[in-house]
Amino acid sequence: MNPMKIVEIIKDLFKVKMPIESISAAKPGFLNFTLDPAWVKSQINKVIELGESFGNISLGAGVGIQVEFVSVNPTGPLHIGHARGAVVGSSLSNILTAADYQVHKEYYLNDAGAQIEKFAMSIFANYKNQKGIVTKIPDDGYQGEYIDEVTSTIEADLGHQIDEMSDQEALNTIKDAGLELMIKAIKHDLITLRVEMDEWFSETSLYENGTYNEVKSKLNNNNLLLKKDNALWFTSSKLGDDKDNVIEKSNGNPTYFASDIAYHYNKFKIRDFKFVVNIWGSDHQGHVPRLKTVMQALEIDPSRLKFIITQMVKLKRGSTAVKMSKRTGELITLSDFIKEVGVDACRFFFLSRSADSQLDFDIELAKQKSSDNPVYYIQYAHARICSIIRNAKQQKIDFLNGNVDLLDHSTELDLIKKILNMPEIIRLISLRLEPHHLAHYAQELAAAFHLYYQNCKVISTDTSEFELTKARLKLCEASRLTINRCLSLMGMAAPKEM
RNA sequence: GCGCUUGUAGCUCAGUGGAUAGAGCGCCGCCCUGCGGAGGCGGAGGCCGAGGGUUCGAAUCCCUCCAAGCGCACCA
């Protein structure tokens, strides 16, 4: 039977109670449901009733979900690429919370391992050089302006003690002090970006409290460890990975991967998160397969572990590329970057693209305070509404008893429908872990409001239209609440005036 | 060589099996005796990287190829 005949028949079978005005068949075989406009309009009352909680859904049912993000080695300051993960992670966490997940935001602090040692040695060498003792910086060591600053700070704070110590003692002291300074700097940058963590989880703790040994014996019991060339291997190829991985080097030290196994054991088996989202930069994407084999080895359902891999960020000023390199020192630090473009623009642009796509960030565009810039477009809609409501209050108009059924202009109905989309957007983002949809929705919502504003005068001077004025003010208030919610979920300011 | 990601308007990007593929910027032409013009309307502009397949139907799924980014350590 052809599709049109089928839909012609089934369209008459819908006799359920739904706020549907009509159902029609359309080519080449669609059923179009037209919502009852009275019902649509009445939802404005619901939005205002719900207030700040409009958009919340019960999808997560209070289940625990850990979102691990940023987790940059504390051997250097954050850069622009890290900021992308930070913004995506914090906004996604806000949205998951709105979807009734119990969200735990976490920074995994790599405070152990060879890179930390190298970091300490680099500072120590720099320290000696500053004292006139010519010392070689280790191969692939850390350098740059920030290393000089850290060295100077340590010299000022601890120089007298360090000079009395043996090299080994000095190195340890410098390591602790250097780590502390870097962590402080990272925390400071994150706070500026409006990113807050619930927990800073120490890698070292996994060794100190026995978690690693527990995991190791579990793997051993499952016959997944192998001693070869004096090193200890996790035979992940048995579980489908394309190669085995070393977890203890021939010098006896555990690798980063060893901690990662213990860390995920901790997440799922000790802290019992139902879901875990790891937000990693694309330079770590190669670790995904082996971590999936870890899930198998630990007998954890792999679908409980999700990844968001954020692609690289390229900075541009207009059409010229801005180079970024940790080693050359030609580095735009995150704090300089935020100072230049502002937190709101920074967050918006990082959120506006799918994590899967590389991001071209045009500094000049983001700085523009004009309609070229979607940040201002959205915030302007909010400020505009606040201004209208201020006017209404000055005129002592109490609009909360307004009758929304009077709203009949097509731009009003379009705006209402757009507002009512909000919970669906939260749902979509939560299911797919794609916060960029919120940035697009916010733009569409702002556009629907601006169009409405252009077509319908809210506060009429004609006293016969007093009831309509009240209804329109109610729609403005619902729009304001929704735009405000979007901005707040994205971690952006919702200015009352600009 | 292998793996992950990307390829859609001049530019930056949405669109994970359905209707005439969308938005912003840029370009062209319009709209203010009115609540914030940081606004609105209209227009031009597309072989959805290429080629095969699956399907009633593909930007979307599968295969091959091309191009770009990132990975492929007893670093993290």
Side-chain angles (χ1 to χ4, degrees), chain A residues 2-3 26-30 32 71-75 81 108 110 112-119 140 203 228-233 241-260 281-290 307 309-312 314 316 319 349 352-362 365 368-381 383-392 394-395 411 432 434 436-437 439-441 443-444 446-447 449-461 469 472-473 476 497-498:
Chain A
N2 91 43
K27 281 184 178 177
F30 292 101
N32 286 333
S71 301
V72 175
N73 274 357
T75 53
Y108 180 51
N110 302 120
Q115 290 303 321
I116 298 295
E117 299 302 327
K118 196 166 277 180
F119 173 66
D140 294 324
E203 177 185 7
K228 192 176 77 185
D229 302 332
N230 235 1
L232 188 64
W233 296 71
D241 199 5
D242 55 4
K243 60 179 185 315
D244 293 340
N245 290 280
V246 171
I247 63 169
E248 282 178 18
K249 305 180 228 176
S250 52
N251 67 10
N253 289 334
T255 62
Y256 172 80
F257 184 47
S259 336
D260 232 5
S282 63
D283 53 340
H284 287 71
Q285 126 272 102
H287 303 169
V288 173
R290 69 185 195 189
F307 293 91
I309 305 296
T310 60
Q311 297 295 319
M312 302 259 117
K314 280 187 285 183
K316 293 192 306 183
S319 54
F349 283 106
S352 64
R353 309 270 187 271
S354 150
D356 288 337
S357 302
Q358 286 184 48
L359 176 69
D360 276 9
F361 197 116
D362 185 344
L365 179 72
Q368 280 183 41
K369 303 201 170 179
S370 75
S371 58
D372 296 359
N373 191 338
V375 175
Y376 288 88
Y377 184 79
I378 298 166
Q379 292 182 324
Y380 180 61
R384 200 175 222 184
I385 299 171
C386 288
S387 167
I388 295 169
I389 292 176
R390 268 197 305 273
N391 288 349
Q394 272 166 20
Q395 297 175 40
T411 59
R432 282 160 49 166
E434 292 174 352
H436 69 274
H437 296 292
H440 288 267
Y441 171 71
Q443 280 187 94
E444 290 170 11
F449 180 79
H450 286 307
L451 182 57
Y452 161 64
Y453 174 88
Q454 201 74 18
N455 284 277
C456 301
K457 182 158 169 67
V458 176
I459 302 176
S460 173
T461 46
T469 291
R472 288 184 165 168
L473 283 166
C476 285
E497 48 191 32
M498 295 168 71

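On a predicted model such as this, the values are computed, not experimentally measured, just so you know. Note that these values count all heavy atoms, side chains included, but never hydrogens, waters or copies made by symmetry. Below, chains carry the letters A, B, ... as their sequence lines are ordered, and counting in each starts from 1.
A residue-by-residue look at A/Leu451 and A/Leu359 shows that A/Leu359 has its nearest nucleotide of RNA chain B further toward the 5' end. Nearer to the 5' terminus of RNA chain B, by closest-nucleotide assignment, is the contact made by A/Tyr453 (compared with the other of A/Tyr453 and A/Asn110).
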Full working for side-chain contact (heavy atoms from CB on, under 4.5 Å) between A/Met312 and A/Ser282: CA-CA 7 Å; A/Met312 302 259 117; A/Ser282 63; 3.6 Å; yes
Candidate pair A/Ile388 and A/Tyr453, rule side-chain contact (heavy atoms from CB on, under 4.5 Å), full reasoning: CA-CA 10 Å; A/Ile388 295 169; A/Tyr453 174 88; 3.8 Å; yes
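A/Asp229 places no side-chain N or O within donor-acceptor distance of the main-chain N or O of A/Ala231, the cut-off being under 3.5 Å. Within the 3.5 Å criterion, the main-chain N or O of A/Val246 finds a donor-acceptor partner in the side chain of A/Thr255. Formation of a donor-acceptor pair under 3.5 Å by the A/Arg353 side chain with backbone atoms of A/Gln358 is not found in this model.
Under the rule for a ring pair (Phe, Tyr, Trp, His ring centres under 6.0 Å), the partners of A/Phe307 that lie at least two apart in sequence or sit in another chain are A/Trp280. Taking A/Thr469 as the reference, A/Ile397, A/Ile459, A/Ser460, A/Leu473 meet the side chain to side chain contact (heavy atoms under 4.5 Å, CB included) condition, with sequence neighbours excluded. Contacts of A/Glu203 classified as salt bridge (charged side-chain N to carboxylate O under 4.0 Å, His left out), with partners at least two apart in sequence or in another chain: none. By the ring pair (Phe, Tyr, Trp, His ring centres under 6.0 Å) test, A/Tyr452 pairs with A/Phe449, sequence neighbours left out.
The phosphate of B/G24 (OP1 or OP2) has no side-chain N or O of A/Ser352 nearer than 4.0 angstrom. Applying the 4.0 Å criterion to OP1 and OP2 of B/C35, one finds that A/Tyr452 has every side-chain N and O outside that range.
One interatomic measurement links the two molecules: NZ of A/Lys457 to P of B/C35, which rounds to 6 Å at whole-angstrom precision. Between the NZ atom of A/Lys314 and the P atom of B/G7 there is a distance of 13 Å, given to the nearest Å. Summarising the geometry, the separation between CG on A/Asp360 and P on B/U6 is reported as 16 Å, rounded to the nearest angstrom. Atom-to-atom, CZ of A/Arg353 to C1' of B/C11 comes out at 11 Å; the value is rounded to the nearest Å. At whole-Å resolution of the value, CG in A/Asn391 and C1' in B/G36 are 9 Å apart. The separation between A/Asp356 atom CG and B/A68 atom C1' is 15 Å, rounded to whole Å. Protein atom OH of A/Tyr377 is 13 Å distant from nucleotide atom P of B/G37, rounded to whole Å. Counting to the nearest Å, the P atom of B/U8 and the CD atom of A/Gln358 are 13 Å from each other.
Residue A/Cys386 is out of contact with every strand shown, counting any heavy-atom pair closer than 4.0 Å. Using a 4.0 Å heavy-atom distance criterion, A/Thr461 is classed as making no nucleic acid contact. At the heavy-atom level, A/Ala383 lies under 4.0 Å from base atoms of the strands shown. Residue A/Met498 is classed as a base contact, given a heavy-atom separation below 4.0 Å to a base.
Using atom C1' as the reference point in both B/U6 and B/G49, the two lie 11 Å apart (nearest Å). One P atom belongs to B/C66, the other to B/U54, and the distance between them is 24 Å to the nearest Å. Taking atom C1' in both B/A44 and B/G51, one finds a spacing of 31 Å when rounded to whole Å. B/G18 and B/G26 have their P atoms separated by 33 Å, given to the nearest Å. A distance of about 26 Å separates the P atoms of B/G29 and B/C47, rounded to the whole Å. Nucleotides B/G42 and B/G24 are separated by 10 Å at their P atoms, to the nearest Å. One P atom belongs to B/G52, the other to B/A14, and the distance between them is 28 Å to the nearest Å. Rounded to whole Å, the separation between the C1' atoms of B/U5 and B/C74 comes to 29 Å.
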Pick out the pairs of N or O atoms, protein on one side and nucleotides 71-75 of chain B on the other, that lie under 3.5 Å.
{"unit_1": "B/C74", "atom_1": "O2", "unit_2": "A/Ser250", "atom_2": "N", "d": "2.5"}
{"unit_1": "B/C74", "atom_1": "O2", "unit_2": "A/Ser250", "atom_2": "OG", "d": "3.0"}
{"unit_1": "B/C74", "atom_1": "N3", "unit_2": "A/Ser250", "atom_2": "OG", "d": "3.3"}
{"unit_1": "B/C74", "atom_1": "N4", "unit_2": "A/Asp229", "atom_2": "O", "d": "3.0"}
{"unit_1": "B/C75", "atom_1": "OP2", "unit_2": "A/Lys249", "atom_2": "NZ", "d": "3.0"}
{"unit_1": "B/C75", "atom_1": "O2'", "unit_2": "A/Gln115", "atom_2": "NE2", "d": "2.7"}

Could you list the protein-to-nucleotides 16-19 of chain B atom pairs, N/O on both sides, closer than 3.5 Å?
{"unit_1": "B/U16", "atom_1": "O4", "unit_2": "A/Arg432", "atom_2": "NE", "d": "2.4"}
{"unit_1": "B/A19", "atom_1": "N6", "unit_2": "A/Asn32", "atom_2": "OD1", "d": "3.2"}
{"unit_1": "B/A19", "atom_1": "N1", "unit_2": "A/Asn32", "atom_2": "OD1", "d": "3.2"}
{"unit_1": "B/A19", "atom_1": "N1", "unit_2": "A/Asn32", "atom_2": "ND2", "d": "3.4"}

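Using a 30° and 60° split on the angle between ring planes, A/His287 and A/Tyr256 fall in the tilted class, from 30° to 60°.
A 3.5 Å limit on both hydrogen-bonding distances identifies B/G29 as the Watson-Crick or G-U partner of B/C41. Base pairing of B/U64 is made with B/A50, judged by Watson-Crick or G-U wobble geometry with both donor-acceptor distances under 3.5 Å. Partner assigned to B/G24 is B/C11, using Watson-Crick or G-U wobble distances below 3.5 angstrom. Judged by Watson-Crick or G-U wobble contacts below 3.5 Å, the nucleotide B/G71 has B/C2 as its partner.
With contacts defined as side-chain heavy-atom distances shorter than 4.5 Å, the pair A/Phe349/A/Asp362 does not qualify.
The side chain of A/His440 approaches B/A14 more closely than any other nucleotide in the set B/A14, B/U12, B/G69.
Rounded to the nearest 0.5 angstrom, A/Ile116 CD1 and A/Thr75 OG1 are separated by 6.0 Å.
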